[in-house]
J.: 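Handing you this structure, nothing more for now.
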Amino acid sequence: VRRSIRTRLALATAALVASSGALAVGGVYWATLASLRRDSEGAARAERDSLLASFRTGGIDALVGEVDRREGDPAAEGFAYLVAEQREVRVAGNVRAWPEQLSEGSMAGPTALEVRRSDVWLVRSYRLDSVRLDGRRSLLVGHDVSSETPVVEALRVTAVGGMALSLLLAIGAGLTISRRLLRRVEDMRATIAAIRGGQRRGRVTVNGANDEFDELAEQFNRLLDENDRLVAQVRDVTNDVAHDLRTPLQRMRARLEAALAAPSTTPESRRVLDALSGDTERLLETFNGLLQLAQLEGDDLRRSMHAIDVAAVVGEVAELYAPLAEEAGRELRCSLEPGLEVRADRELLAQAIVNLIDNALKYGAGDGIEVSARRMGDGIAIAVADHGPGIPEEARGRVLERLVRLDASRGIPGTGLGLSLVAAVARLHRGTIRLEDNHPGVRALLWVASDPNATPPEGTEPAAD
Amino acid sequence: VLLIEDDAVTAEYLEGALGQAGHAVDRAADGLAGLNLAMTGTYEALVVDRMLPSLDGLSVIETLRKARRDTPVLILSALDAVDERVRGLRAGGDDYLTKPFAFAELLARLEVLVHRRRGGAGPATELRVADLELDLLTRRVRRGERGIELKTREFQILEVLMRNAGRVVTRTMLLESVWDFHFDPKTNVIEVHVSRLRQKIDKGEARPLIHTVRGAGYVLRAD
């Protein structure tokens, strides 16, 4: 659909230019023909009137004399004359017979007449005018239109040639104009793609033409600047909050550790301090999780993306967790397609897989967890599947939100940030996260794009946060 | 040890705790004072906060490195973005610890740095602690007369523990040096790996070598 704009634009421009060209050429053609006709009719009428004048002054004899004279006159060569009685009898003139379809006193367009020229009868096309002279006799004057033919012919060739030429020019113009216009659009599209691909500094070219496209480009660039400013602001705030909260948290931890280590602390206080330490640990876990999510949103991490082998990372994480799964009576089964290279942040990807396996261990049941990595569409799909009670369909979107924990998992320790991190990691890699029914259990599908313009496979939504 | 930290409460606690662990501590509360001390004194290691008044922690390290002072540096930071870590190490830091941290973690990392500085971890091809031997070339492990079959990761864990024999190695240190992952997995994944290794090394032996240090990590020790 996108490509057809160029064709449509080119065709529309071509049609417009061609039809206006045709109108102009056609107009000239018809105007010329009309003018030729008018001249010819005028000439016939003038000839008729002058002959009529001779008739009025000198009667039929004068008219016949005049007709005879003009027949021989080279200046009147383009004319044909006939003075006839009752249309039947030729009194004078060089036309053999009164044309059947012409009534006396009327005009006619080009009509074939047999005319005598230097004692030879020829058939030619004449424009006719006639007049009744008296009750019996009529006068016919014809003006030779064959003299018009070369002009008309030339005109026709010019018209057809001109139309063809203007059509060619129109198509050329249409293509050029649409290419020019679309080049600016294409420039913007490429810039957006580059920015989405991580080149945040990219801007659309303003070429100084001061036209609507420049205006659009400027507005667009302003929008990008504003966006950059907001991202930087969020990052600054996040860093400030991180620093401002980490120092008191560090003190709190230090004081707790010191109090626990002090010999004077009573066993009862020690129990309280131990509980406090545990609370602090959980507080820190949630704090660090939220902070990391905020930083991922701030999205300055694309710098740390390198070409890595996803299968290797999945394999390493699976191997890290295999003994733990075994202790829990589960088997971690791994199926990896080799050579799955993609630009990614190894650390974040590993952390996302850790969170998925962690969830499968916490909430799954049955004897195994299946971990796989394979090519899917324009990217790589990492799946972690368990055989637990699963997640009700209506809750699948909600569990990706931060701090959301389902009632069923209240008894199990956790921060409610694990899947939010997976979703954020997916988004950073232009990927998706999907939770499916594993009949029974959950199958988490993390998809990461292998190139910046890749489209997610069917049925997966871009990861939202 | 020189501690450059602007938060008085944290600095005081660290000074006390490091003192108890047998380290003499000098303290500086801002970057310039810290840099002066580091340039004039002799220290086994520096603990430097990333954000400091007067002179930023990274600048302190860069200045030191330009002056060819190669005292090991442990960076403390309230920033934990991945590239912050990378930037810290690139500036010349030797290790990076995100606030808030447990003292045991700091102590373990500091002692490993100090030991490495003393040239403890030379290019040995064979490691030996008591009757436990590890050959890095043939990748064979023996305990006395008994040959021990280890999986790749178990071998790597044992190597780290043996190189740091007598010093505590924390779980995150193991995760970093064996798996090259720099996040906190929260679950007891590392414990399970170590307990499997311990089964193979210590089972049936009169004197266990791998010990758990509560709230800190593991230590491989002959006694």
Side-chain angles (χ1 to χ4, degrees), chain A residues 235 238-258 260-261 277 280-281 284-285 287-289 291-292 295-296 298 300-301 303-304 313 316-317 319-328 345-348 350-351 354-355 357-358 361-362 413-415 418, chain B residues 5-17 20-21 49-51 76-87 97-107 151-154 174-176 178-197 199 215:
Chain A
R235 192 173 48 237
T238 310
N239 284 340
D240 289 351
V241 167
H243 186 252
D244 289 355
L245 285 181
R246 279 200 156 123
T247 308
L249 282 167
Q250 178 67 57
R251 288 183 187 174
M252 190 164 139
R253 202 167 184 173
R255 286 183 163 132
L256 275 171
E257 281 184 356
L260 272 168
S277 292
T280 311
E281 290 309 311
L284 285 178
E285 205 178 299
F287 170 73
N288 283 331
L291 207 60
Q292 191 185 10
Q295 274 165 351
L296 291 189
D300 234 336
L301 288 157
R303 274 182 283 164
S304 56
V313 178
E316 280 164 30
V317 176
E319 179 243 44
L320 175 66
Y321 271 79
L324 188 66
E326 251 175 71
E327 299 292 307
D345 183 308
R346 175 179 175 272
E347 197 80 9
L348 285 176
Q351 220 178 327
V354 161
N355 285 1
I357 295 181
D358 210 33
L361 279 170
K362 270 197 224 160
T415 56
Chain B
E5 161 72 64
D6 59 326
D7 181 56
V9 176
T10 307
E12 203 168 300
Y13 167 65
L14 288 181
E15 183 179 9
Q20 274 189 0
D49 190 33
R50 168 80 174 74
M51 291 200 243
L76 303 181
S77 174
L79 307 167
D80 76 341
V82 179
D83 45 306
E84 280 301 328
R85 205 191 117 76
V86 173
R87 209 182 298 166
L97 198 54
T98 307
K99 284 183 179 182
F101 51 84
F103 175 72
E105 189 74 42
L106 176 114
L107 184 65
K151 289 184 179 160
T152 318
R153 297 301 189 193
E154 291 166 346
L174 281 177
L175 191 63
E176 279 174 24
V178 175
W179 280 271
D180 194 23
F181 288 144
H182 301 269
F183 50 84
D184 179 5
K186 292 157 206 144
T187 46
N188 50 342
V189 265
I190 301 297
E191 275 95 323
V192 181
H193 280 274
V194 173
S195 80
R196 294 195 165 197
L197 174 66
Q199 285 277 316

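Sequence lines set the chain letters: A, B, ... in the order given, protein chains first and strands last, and positions in each chain run from 1. Since the model is a prediction, treat every value here as computed from it, not as a measurement.
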J.: Could you tell me which residues in residues 7-15 of chain B have at least one non-hydrogen atom under 4.5 Å from a non-hydrogen atom of chain A, sorted by residue number?
T.: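 Expected list: D7(B), V9(B), T10(B), Y13(B).
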J.: Taking the side chain as every heavy atom from C-beta outward, state whether L320(A) and R153(B) have any pair of such atoms under 4.5 Å apart.
T.: no
J.: As an exercise, state the distance from NZ of K99(B) to CG of L249(A), rounded to the nearest 0.5 Å.
T.: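 It is 11.0 Å, given to the nearest 0.5 Å.
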J.: Just give me the residue among R50(B), M51(B), Q20(B), H182(B) that pairs up with chain A most often, heavy atom to heavy atom, under 4.5 Å.
T.: H182(B)
J.: Could you tell me which portion of L175(B) (side chain, backbone, both or neither) has an atom closer than 4.5 angstrom to a non-hydrogen atom of chain A?
T.: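 Only the side chain of L175(B) comes within 4.5 Å of chain A.
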J.: Mind checking ring-ring contact (aromatic ring centres under 6.0 Å, His included) for F183(B) and listing every partner two or more places apart, or none if nothing turns up?
T.: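 Listed in chain order: F181(B).
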J.: Going by salt bridge (Lys or Arg N to Asp or Glu O under 4.0 Å), name the residues that satisfy it together with D180(B), two or more places apart in sequence or in a different chain.
T.: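 D180(B) satisfies salt bridge (Lys or Arg N to Asp or Glu O under 4.0 Å) with R346(A) once adjacent residues are dropped.
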J.: Quick one: what part of E319(A) sits under 4.5 Å from any heavy atom of chain B, side chain, backbone, both or neither?
T.: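 Contact with chain B involves both backbone and side-chain atoms of E319(A).
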J.: Do you know which of E326(A), E281(A), E257(A) has the most heavy-atom pairs with chain B at a distance under 4.5 angstrom?
T.: E257(A)
J.: What is the minimum heavy-atom distance between R253(A) and P100(B), and which atoms define it?
T.: NH1-O, 2.9 Å
J.: Residue by residue, scan residues 190-197 of chain B and write down, ordered by number, those that have a heavy-atom distance under 4.5 Å to chain A; if none do, write 'none'.
T.: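 Those residues of residues 190-197 of chain B which have a heavy atom under 4.5 Å from chain A are I190(B), V192(B), H193(B), R196(B).
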J.: Nearest heavy-atom pair of N188(B) and L324(A): which atoms, and what distance?
T.: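 Between these two residues, the closest heavy atoms are OD1-CD1, 3.3 Å.
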J.: Let me confirm one number: the CG-OG1 distance from L284(A) to T98(B), rounded to the nearest 0.5 Å.
T.: 11.5 Å
